[in-house]
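Data first, discussion second: the structure below is written as structure tokens.
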Amino acid sequence: MPSPQSLLVLVLVLLATLMHGSDLPAATGNPPGSYDLAVSFSPPTRSLTATARITLPAGSGLQLELGDLAISGMLLRRADGSEAVPTAGQGGILQLAEERESRELYISYSHQADDTGDDLIDPAGIVLLGLWHPLPDREMRFSLRAKLPPGFTAITESDRFPLVQEGDATIAVFSQPRRALHLAAADYAVASREVRPGLQVHTLFFPEERDLAPSYLEAAADYLQRYERQIGPFPYNHYVIVANRLPTGLGLPTFTLMGRQVLRLPFIRETSLGHEILHSWFGNSVEVAATGGNWCEGLTTYLADHAFRADRGEAAADRRECIVNYLSYVNDHNAIPLSAFSSADHRQPQAEAVRAIGYNRAALLFAELEARLGAETFNQAIRRFYDRHQDTTAGWSDLSQAFSAAAGQDLAAFFSERLERPDIPDLAVEDIDVRQTETGPRLSFHLRQKTKQPFALQVPVLVTTAAGTRNFTVTAATGDTPVSLTTDGWPLQFSIDPGYTFLRRLDPAEQPPVWSQFLGAEKKLAVLESEAVKTVYQPFLDALADDRWTVKIAGDIKIDEFDDSAVVFLGLDHPLSRSLFARPDLPAAGFSLEVRRNPLNPGQPAVLVTSAGVEETAAATPKLRHYGRYSQLHFTRGRNDRQQIAAADSGMQFNLDRLPAGAATSALQPFTDIAARLAANRVVFVGETHTSMADHHLQLRIIEALHRLQPDLAIGLEMFPTSSQPALDAYSRGDRTMDERRFLKASRYFQVWNQDYRYYRDIITFARSKGIPLVGLNLDKEVTSTVFKTGSTATLPEAARKSLPVDRDLSLPGYAERLAVIHGMHQTAGHGNGSLGGFIQAQALWDEAMAEHIAEYLTRHPGRRMVVLAGTQHTRKDTGIPPRLARRLPLQQATVAALAADEAAADLTTTVDFVFAIEPVTLPDQAKIGVVLESQPLDGRPALKVGDFTATSKADEAGLRKQDIIRAIDGHPVAEMDDVRIALLDARAGDRITADVDRPGRDGAMQRLQLTIELVAPADHPQ
Ligand SMILES: [Zn+2]
């Protein structure tokens, strides 16, 4: 082992060769100590050799981290000239206890770069960001003397730029104390620009990126001027933008290292550069105090990223994206208070949640402050904070003090609530009331806070009235705040916090379905279209799989498995995906990703992914993490060429009233003109309220007119299932063996539809008279009712299941919401037992099946047109049959309905193309016998037994008795309920019928009687 003396010689020799002594500032011996580093590089061996001279002021100790640096010598020289050789302890830590006198420590070492992201030495360049010199545990004044490979230009923390050249040495001195130096060097091209006297901006780009330099210099100058105006003088006299061979975005004192791969992306110059430059003020000049949490990323995000979006008029959209991102990643299990955020490191556990807290939650705290205090006071506080804490460290408490002083109010409680609580505000509105008062219309409601403890909030409320819009601010500090707002005009709508001025839970309608919701979901399910496509999506599965993730293939998944999971469908041909989203129209080329709300569980996202091949998947997958805020994405060979966020409500919206739409009566067109326009369509939907005779009257008028113009017409009917088709065919053909009575029996009309046949009688008789084909469009009732009850098609018989349309779109905008209203808010969402999920699936099955049957018929009969008669909910052009038909067959179609008083006029433009103002038409009352009939098989055949009499019945007077079996009416045999309904189709009160009746005698034998019964008006429903 060498003696201390020989080590000293070695150290001093190294120092002499590298340092030339005199150029370095003399070690002053005053706090905070100085750190002089001399280094030379050997790119061929990817190594450096160096000597550090660390001067410790009197009265201080030091801890140095040596890591795996190869130490060749260490020497400690005291002020009295005595020398010692210190030794590093466990884990490469060198500990020097505090001493009264000043000391100098010399360390010679070499370091072999490991070529990781922050440690690179090779002939193409040098990047040293990690442990490449002994790291002190406190800030020191650094100087550097480096011998660089020929042709290299270097950047490091420095008071001056370009760095001083002295012979073959490059010299940097940095007077702001730091704990580490960072160094990059390569054959850079330098470009420069003056921002103002005394402030220069430079780029160090590789020759290939040289063309970008002017735009970067200009953008940097703009940012520097902007922040000098807003905050105060830039803390250095130069700023350097350095292209890095490694993919970093690092803001360091006096310079930023940006990955050269991303320099050409517009958002780097438009956003990231400003963010990194702003870190010069916050992060580098004002440093984050070691304890109390990191405020700096939130403030920088707010004053840079958010402010740039605000410049483009996207302030509220950006704040909502911040909230959505926060809600995607942070849940009850991983939420930490903002004050606990310290590091933005991507590699820490729950990194995305931690970053959402440190960036999004913190930025929203500043947004909330600015909304409360106004921009002027806000900026005063920022200037005050910078002015007080430049070149030193600061914490949240210093921000709280600066803002309190600028605002002239104590904001400590505001800060502590937002910094210390892991939960966030959660609002609800209840008991809404609008009334006219003597001072004007008054809107009142209760603003409730659903958190255990209420927050002290300033809640903006935007009220839209007939006279315009008006902003109010409600102070809500308790769990239940009564609100009363007097407006100018009658309130039509109001929204809570439409500008997203603070972090809160969002209503589902406010939250667009976005990719980050899937990334942050607590439970994830990936569903592969088939085993065969696995290779296409393997890179996606490999990159995104984590412990919250299950992969399923094709057949082995049931609909209730994604009750509590976010789901991604890989490939669009999966039957389950097609039963929810049909086949979305995504491009076949490239890689597409589309996030939808799961229509059966709107709180969970469902993601549809399709890729043209494994190369496209592999190229797009690594990019996906950066696009969490979007709903729709497309990549071509890894290049993003489409990005979109789905629409959502602004604020929590409450609709109170709508002004009705109208039209000038002079714009009304004669029936024949509209009929002529309708004739241009291949399919005309005429919506009906089933029990409105006037609607059916209109339907017949339209059918007549269209048939006149275009005889090759067919009529599609919701009222008949496809199983009634043989009867419909025979009847419409005019088959003489099939009279109306037989038709009603054979088509099972009364079993399947259960409405008075006279509503449709004229239409069907007209069709028969003209030979117009009648087409049953509906599914058998058992199918939809089973799906409604069980919440799934899985329980249907095989044959029924196979006959269903495969592609069913439950996610048409507004569809699930509309059905939820119909289903009734009191029922809980889920599956089975007539739940909302079952209801939506059954309704979609119904609409899709009718669309499919129309498409099939028109495909088989290319020359024909069709009038479709169905309920107005099915004929809606936004979410009913029409869009589902359009998906299957490109054709021109129109929707028509009578103007009904219960239809919201404002909706008409989305539901129909034409409306008719119609006059009421009534059907004469159908007379009844006035008995309750019970179906009771007799001798194995159906029979009808008299159970009871209604109050107005005249049947008992006529001699009918309970237990009698009615065998025939007016000579027509009756055995089932529909026989009676058919027999009484045209009956009027006061008419007399002849009834053949069997009455059981005492001996059990039947006695046949014939009774004449006077019919009565239908006081109630029984026959
Ligand atoms: Zn940052």
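Indexing begins at 1, ligand by ligand and atom by atom, following the structure's order.
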message = Under the side chain to side chain donor-acceptor pair (under 3.5 Å) definition, can you give me all pairs with a residue in residues 511-521, not counting sequence neighbours?
response =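 The answer is Ser328-Ser516.
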query = Any N/O/S atom of Glu276 sitting less than 2.8 Å from the Zn ion (ligand 1), backbone or side chain?
reply =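 Glu276 does not place any N, O or S atom closer than 2.8 Å to the Zn ion (ligand 1).
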ask   = Do any N/O/S atoms of Cys296 come under 2.8 Å of the Zn ion (ligand 1)?
value =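 Cys296 does not place any N, O or S atom closer than 2.8 Å to the Zn ion (ligand 1).
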query = Are Trp295 and Phe415 an aromatic pair by the rule of ring centers under 6.0 Å?
reply =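 Here the rings of Phe415 and Trp295 have centres that are no less than 6.0 Å from each other.
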inquiry  = For the aromatic rings, using the six-membered ring if either is Trp, is the centroid distance between Tyr236 and Phe161 under 6.0 Å?
reply    =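 Ring centroids of Tyr236 and Phe161 are no less than 6.0 Å from each other.
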ask   = By atom name, which N, O or S atom of Glu297 is the nearest to the Zn ion (ligand 1)?
value =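 Nearest to the Zn ion (ligand 1) within Glu297's N, O and S set: OE1.
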ask   = Regarding Asp305 and Thr301, is there a side-chain donor-to-acceptor distance under 3.5 Å anywhere?
value =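 Their side chains do not contain a donor-acceptor pair, so the 3.5 Å distance test is not met.
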query = To the nearest 10 degrees, how large is the angle at the Zn ion (ligand 1) between His279 NE2 and His275 NE2?
reply =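 About 100°, to the nearest ten degrees.
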